[in-house]
Amino acid sequence: MNEQSNIPLAEASSAENPAVPGVSMRYAWIVLIFLTLTNLLGFMDRYLINILAQPIKMDLKISDAEVGLLSGFAMSISYSLFGLPLAWLAERRSRVMIITASMIAWSFLTALCGRVTTYGQLVLARVGVGVGEAGGMPASHSLITDYFPPHRRGLALAIFTIAIPIGAICASIIGGWIVDHLSWREAFIYLGLPGALVAIIFALVVREAPRGRYDAGAIKGAQPRMIEVAAGLWRDPVTRQVILAYTSVVLVTTGASTFFAPFLARKYAVSYTTIGIVLSSTFLAGGILGNLIGGYLCDRLGRRDPRWPMWVPAIGILVSIPFYFTAYLQPTVLRTSVILFFPSVVAVFFTPPTFAVLHARTDPRARSMMVAIVGLVSGLPASLGPVLAGLAIDLLSAASYPGSFATACAGGTGAVAGASPAAIKLCTDALLQGTTITLLSSAPMLVWPALHYWLAARAIGPKR
């Protein structure tokens, strides 16, 4: 942590440094566009597994717990663990080159997912994707804070973050169409390889920025060590509560988001193209709007009272709970999508304020490490979200089935060749009931992260 660690976000220095040669605000926006594009491609490759979960489950005859392992733990564990050494490297070497190499790696490994023949091979390929993506996020955050002054970081981080829902939209619509017309294997190949080309263009266009450009007077003493950065984050009551809030919200939401596309397929029997459109028009379009609004409110209201950047996500998360609960009970896919749009906006207010506050309270030479530490702390528990949700669906589905669900319903349908329509219906009904109960149970759990954001606001205190 640095000497700014007790300075409210709204009061951080906003003076630009015109003495830095060759770096203009216009070019900063160009860099942000490219960083956002890399984030978009990375999350497109990461989210693709969600729209493909049901066809993979049916093809490889795996359980929902195994789906959760594939979409959550297999990638998140490698992403979290390799993020630390790559972030350490990003504080000492070219962040542009680290992002470029990471993008090439995750793009080819995503394409490789389409060539596996067993579940184990697919898990290993997803682990590799996580390793590749581990270098992108910390280095990108560090570059953004050196290209934008504190009073613009909320919006800059919001724009960078909307790549997440945009990438998910691309994965949902394009991936769903490819599944309907080709197969889930081709979806991995066609959406994975373009990232390698973008990586080359990125390396040619984007330059390094001077570290700590907008943090005059903050860089003193030796380069902070990883353990010192981690200890400083935990000692600070604000950053401690922010990390706990971020960890808990990701833990709750990753499980529900992993199984929402399968839920639509199991309840409404619609095509994967339709599922992609529903996801894009609700969760993902709402996420774009929510991130922009969250970043704007963080910058705007934070000038009035430094507690607002934490109140905004707390309020948004709490308001979303009854809407999520209601949406899962609707009888048609149209009503479900209409109701889901509003909570999809307000529930994602949290991302830009979270990292704006964390960056404002971190030594500018340690911001890559901070992002990696937060990724590790939040990623390891959050990686269990899809696994726990999948396990819950398996257990609840088995409890609803008159017999051995695992034996009779492998892949979610009648596994025995020539199974009767009645036998298949018993399997699908039990699977739908387990999925619905699990999603309904996830909504009230959002009270947990909202509480931590409120505690973070209380730790910041009123403007002095």
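Since the structure is predicted, the reported quantities are computational estimates derived from the model, not experimental observations.
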| said: Would you call the rings of Y328 and F260 parallel, tilted or perpendicular, taking 30° and 60° as the class edges? | reply: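 Tilted.
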
So do [Y] and [X] actually touch side chain to side chain, heavy atoms under 4.5 Å?
X: T253; Y: L446; answer: yes
X: Y453; Y: V312; answer: no
X: T362; Y: H359; answer: no

| query | Would Y246 and F355 count as a ring pair (Phe, Tyr, Trp, His ring centres under 6.0 Å) if you check the C-alpha gap in whole Å, the side-chain angles of each, and the deciding distance to 0.1 Å? | reply | CA-CA 10 Å; Y246 185 72; F355 284 99; 5.3 Å; yes

| Which salt bridge (charged side-chain N to carboxylate O under 4.0 Å, His left out) pairs, counting each pair once, include a residue from residues 427-445, with sequence neighbours left out? | K425-D429

| Atom CG of L318 and atom OG of S320: how far apart are they, to the nearest 0.5 Å? | 7.5 Å

| message | As an exercise, state the distance from CZ of F323 to OG of S344, rounded to the nearest 0.5 Å. | response | 11.0 Å

| message | Pairing donors with acceptors under 3.5 angstrom, does anything connect the side chains of Y268 and T336? | response |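 The answer is yes; a qualifying pair exists.
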
| task | Return the set of residues passing side-chain hydrogen bond (donor to acceptor under 3.5 Å, both in side chains) with S271 (not counting sequence neighbours), or none when no residue passes. | result |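 Testing S271 for side-chain hydrogen bond (donor to acceptor under 3.5 Å, both in side chains), a comparison that skips the adjacent residues, returns T274.
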
| query | Does the pair V116 and L124 meet the rule for a side-chain contact (heavy atoms from CB on, under 4.5 Å), with working shown? | reply | CA-CA 10 Å; V116 302; L124 290 176; over 6 Å; no

Under 3.5 Å, side-chain donor or acceptor atoms of residues 187-199 against the rest of the protein: list the pairs with distances, not counting sequence neighbours.
none

| field | Audit row: T435, R266, side chain to side chain donor-acceptor pair (under 3.5 Å) steps and yes/no | value | CA-CA 9 Å; T435 307; R266 294 165 187 178; 2.8 Å; yes

| message | Show the nearest heavy-atom pair for residues A443 and Y324, with the distance to one decimal. | response |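 Heavy-atom minimum between the residues: CB-CB, 4.1 Å.
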
